[in-house]
Amino acid sequence: MSNITPLRRAPTVGTGAGVGVGVGVGVPKSATATAGQKYHQHSTSILKTLQATEMLDTKPVLPAEIIATILDYLPVPDLLRFARTSRRYREMVYDDTRWVARLKSMGVWDEAEARRRFEEAVQRRRQQSVSSPTSTAVGRGQPIPGTGTAQPPPPPSPAKRESLFFDADLEQERRQQELQQIQLQKQQISSLRDGFETIKVSGGGGGEPPRDVEGLLLVVKDARSIRGYARQEYGKIYGALAPFYFDLVRAKTHTDPLVFKVFRDPDRQARMLANLRTFAKSDWADGAKARQEKLEGMTGIFESAVLREFEQGYEFWDVDGRMRKYAHVLEMLNPGSSAAVELFVQKHPIFADREVLANAMDCVNQAMADSITLEPSRRFFEVLTRKVNEQSGIIGRIFPRPERVFWGFVDKVREEIIVEYITPLFDETHERSVPSYLRAVSGIFEQTMLFLRTLAPPKGGEVDQEAKAKEIALKIFEPHIDLYLQDEIDTFTAQAESEVGEWEKKLSEQEASAESFYMGSFANRQADKKDFLTSFKKVVMMPVTVLPTSLGLPIGSPFASSKPAAAVVAANGGLQTPSRSESPAPAGTPGDRSSSPLPGKAPTDELAAKAALMTSRLEGIKSLFSIEVALSLVHGAKASLGRVAVFIQLGGQVGGEAREMCETIFVTLLRILGNGHVKPGFDKAVTHLSQYNPREVSEHEKGGVAPLVTFIELVNVGDLISQMIDVFYEQQLAQPKIADRNDFLDPAGMAKKKFEQMLDESVAAGLNKGIDVLMDEVEYICATTQSPTDYNPGGIAAPDSILSGTIPGMEKAPVPKPPTGAIDMDIGPSKTAQRIKDLVASHTSMLVGSTDKSMLDVFNGEVGLRLFTAVCKHLKRQRISTEGAIKLIADMNLYFEYIRTLKNKDLLAYFKALRELSQIYLIDAKHAKEMATIIADGDRFGGIFRAEEVYEYAERRADWYQVKREVERAMYGLECCVM
């Protein structure tokens, strides 16, 4: 391995102080001379010895790294022989890291344990050095226990260093101290023997096996991790196992190995073979692969023999005898071996048990047509649970690690029994009826999870039963989950659209039936439709007594009238219209969808028929969408979502897909319910509401505008649907944490907000049109019920143009003729103002609780402004005397107090200005100048009315032409004259 080159070197020794000769202080000269002669003779002998010595200088050919790598692949006996060649090679062979690597390859070196031992040794050394410095100095040079690192020997005393350069006696004494220290070290760690002392370095394999047979089985298990003593630990293992290892490799047949002769019990044989397999991992020398294959082959022969014994015990069901014994032998031979487990599972009698192998078609055959019952499947899983739990106890008696065997057995039951049971059932139900298939998949999944959760695995295991149950259930249902989820959303969508379509179809049929009833007797219906606007104007211009009002509803609803109005046909063919229908009361039965009956005979007049048809449509606003349909859709979504939600517990990809499908079902519900049912209903309601004309109604004494009342009922239905959706979202999605209400990008949350926005927009559009209808009713009441004598008592009747106003086609209000000299002394508000206030208040109060506060404030504000405009317009049509101003002021105060209840400060300013405006009619004609001052005072009216507008209102005074000149002179300064 290296070339040895001899080199002779003659040492150079001086004769001065550098030689080490010194003179002591106070020493006699004779004594000094004698000592010098002795030292000279001794020094001369040493020099002669050194001159005769040949100094050898070694120069290695290979680098140390390559030599160290070569050493890794040498057999252990060759390593020991190589260590004898030189001290340098001995250090390389004895390097602790080399043996640590072999121990790691066998899996017996614990780095954490080695670190802990080293830290404990260092700590003990520090404590000893602090407690006894003297003993520390004496013990210097001894290795630290657990480290293998020796402290340097104590240096020579200063006197000796000054007197001698090289002292052989001192070196010999130091060598003896080192030997003593080595002996002391061996005594301190008596258990850590070299391990290689029984090996024949001249032989090939190992030495003779030790006589301690039981210790051989524990040699691997008892190996310790101590830094500095890895070689000794490996030597113990090598000395114990190498003889068996190399003997087994040289064996010709399975009866030759020494391991089967020394150990006669199969239990010990298995343990020893397992140790040899572990030891073989540290065999890195040439031919290691062949030796390991030979060992594996011999181990396989032994394993087959043990497995045959286990099988024989299985045939006789010897659970506590041979089955238990040889199952433990196989576990010792190969921890985690599945040979006995597979044999136990494959030949288990449960897979041929007729009680367990039930017929899945009973779920279909025992149910009605296109339906399914899950009672047979429930009984199937109950029997299977009982059988499997019985085997759990048997498995715990046989196998050393029963839980792993038990779950392997359950997995086989899944594959051979459960899958074979449910797959034909799913295929058959999918072909017969998809709704039955959906109920079957979800129901059997819940039964499967219940079966897996009620299993009783052997005690002492560390497997999470819930996680294992989800894993097995996922394997069962994963092939069916994609088809199931798709069928679930398709079925719900089809059912929801079908139900909404059925409702729309019935509604269209009712409308067509009503139109056919009223218009079927007239020829040329197409021409009548084209001329609808012209005919409508004619209807509006007809007298009120000719037109019908309420002719029933096309389709009933929970808010349908319990007393449907009917038109009475007169003998001459005309219609006698009843009074306006009341606000409909809830029906007695929620499921009643029957339409209101049509009159017994259709009108014979074309215009009367069109008016009756329009009235029928207005009365049918409340049936444009139904809370029953919404409730049915919500129940369908709840059932579908409940079936899908059970799969979320599986987690992973399947659980995520199930969660997304639940949100998709909710989004589909809102899309169909909102865009397909509620929004079209509101659109039709707004269209019908826009066709309302108060002049066509003969009775206005019921305190409400019937179409607007009906529309507000429709708004209440929409609010109930919105609350229903909100409760459904909270209970079915938010609480189970299927949807996150705090995630603004969550699809379900976005769809819910979009639905609410659509509902608010539809309600706002309808209320806007409803305000128009309400104000038309207010103007109609003002024009038809306000007597001219209310604000001008004792005056003569006004001209027809004033009484009738500017409303075309409106009949004149009846003018009562009071007795001569009689003046109404009632100072309270007029009946017209009271009716208007009650009418508006009843409609604004209907929305309380059915809409949010912001929309309610907007509605009330708009109603107040429109009422202010209507009152102002009404004032400009009246003649007001000083005596009638008292009633006018009372009316304005009545409006002001009503507006105060709305709690709208901005709106209150308008009616406050209106109240101030009514004061100008109370001023006597004598005080025309003060009247002019009030008219010109803009601050008095809070900026609501300009002076020009107040002047216009002042013109409605009954005595205006008497005070006009004085008021204008005071306002415009015409009374001033310059001479």
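Along the sequence shown, residues carry numbers from 1.
- Taking every heavy atom of both residues into account, I771 and E862 meet most closely at CD1-CG, 3.4 Å.
- Checked by atom type and distance alone, the side chain of S842 pairs as donor or acceptor with a backbone atom of D838 at under 3.5 Å.
- Between M892 and S918, the shortest heavy-atom contact is CG-CB, 3.8 Å.
- When all heavy atoms are compared, the tightest approach of E777 to L839 is CG-CD2, 3.6 Å.
- Under the 3.5 Å distance criterion, with hydrogens and angles disregarded, no donor-acceptor pair is assigned to the side chains of S830 and T832.
- Distance check: D760 CG to E756 CD gives 7.0 Å after rounding to the nearest 0.5 Å.
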Inset, instruction - Carefully, step by step, assess M758 and F682 under the rule side chain to side chain contact (heavy atoms under 4.5 Å, CB included). - result: CA-CA 10 Å; M758 179 275 299; F682 272 115; 5.7 Å; no
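- Closest approach of A928 to E966, counting heavy atoms only: CB-CB, 3.4 Å.
- K887 contributes a side-chain N or O that, together with a main-chain N or O of G828, makes up a donor-acceptor pair within less than 3.5 Å.
- Looking only at side-chain heavy atoms (C-beta outward), I721 and L759 stay at 4.5 Å or farther from each other.
- At least one side-chain heavy atom of L894 sits less than 4.5 Å from a side-chain heavy atom of Q834.
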Compile the donor-acceptor pairs under 3.5 Å between side chains in residues 903-917 and protein atoms, sequence neighbours left out, one pair per line.
| residue | atom | partner | partner atom | Å |
| --- | --- | --- | --- | --- |
| N904 | OD1 | D906 | N | 3.3 |
| N904 | OD1 | L907 | N | 3.3 |

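- In this structure, CG on L922 lies 4.5 Å from CD1 on I889, to the nearest 0.5 angstrom.
- The pair R900-E897 counts as a salt bridge, with a side-chain nitrogen and a carboxylate oxygen less than 4.0 angstrom apart.
- Between D772 and R866 a salt bridge is recorded (basic side-chain N to carboxylate O distance below 4.0 Å).
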Inset, instruction - With side chain to side chain contact (heavy atoms under 4.5 Å, CB included) as the test, would you mind laying out the steps for V763 and D719 before giving the verdict? - result: CA-CA 10 Å; V763 171; D719 182 66; over 6 Å; no
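- Using a 4.5 Å cut-off on side-chain heavy atoms (C-beta onward), L875 and I880 make contact.
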Legend entry - Candidate pair D683 and K679, rule salt bridge (Lys or Arg N to Asp or Glu O under 4.0 Å), full reasoning: CA-CA 6 Å; D683 294 342; K679 191 175 186 301; 3.5 Å; yes
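- Interatomic distance, CZ of R969 versus CZ of R965, reported as 4.5 Å (0.5 Å rounding).
- If you take CD on Q786 and CD on Q878, they are separated by 5.5 Å, rounding to the nearest 0.5 Å.
- For the atom pair C872 SG and E949 CD, the distance stands at 8.5 Å (nearest 0.5 Å).
- Annotation for Y898 and A841: closest pair CE1-CB, 3.4 Å, computed over non-hydrogen atoms.
- Contact annotation: the side chain of T882 approaches that of R957 to within less than 4.5 Å [non-hydrogen atoms, C-beta and beyond].
- N768 places no side-chain N or O within 3.5 Å of a backbone atom of A764 that could act as its donor or acceptor partner.
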Inset, instruction - Could you walk me through whether E504 and K684 pass the salt bridge (Lys or Arg N to Asp or Glu O under 4.0 Å) test, one step at a time? - result: CA-CA 12 Å; E504 295 294 335; K684 290 181 181 179; 3.5 Å; yes
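- Sequence neighbours left out, the pairs with a member in residues 929-957 that pass ring-ring contact (aromatic ring centres under 6.0 Å, His included) are F868-F945, F945-Y953, Y951-W960.
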Inset, instruction - Could you please spell out the steps behind the side chain to side chain contact (heavy atoms under 4.5 Å, CB included) verdict for Q919 and I934? - result: CA-CA 9 Å; Q919 303 293 330; I934 294 175; over 6 Å; no
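- Remark: side-chain polar atoms of R879 are not paired, donor with acceptor, to backbone N or O of A958 under 3.5 angstrom.
- The distance from atom CD1 of I935 to atom CD of E930, rounded to the nearest 0.5 Å, is 11.5 Å.
- Nearest heavy-atom pair, G864 versus I899, reported as atom, atom and distance to 0.1 Å: CA-CD1, 4.4 Å.
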Inset, instruction - Just do the side chain to side chain contact (heavy atoms under 4.5 Å, CB included) check on V863 and F859 with the steps written out, would you? - result: CA-CA 6 Å; V863 168; F859 177 77; 3.7 Å; yes
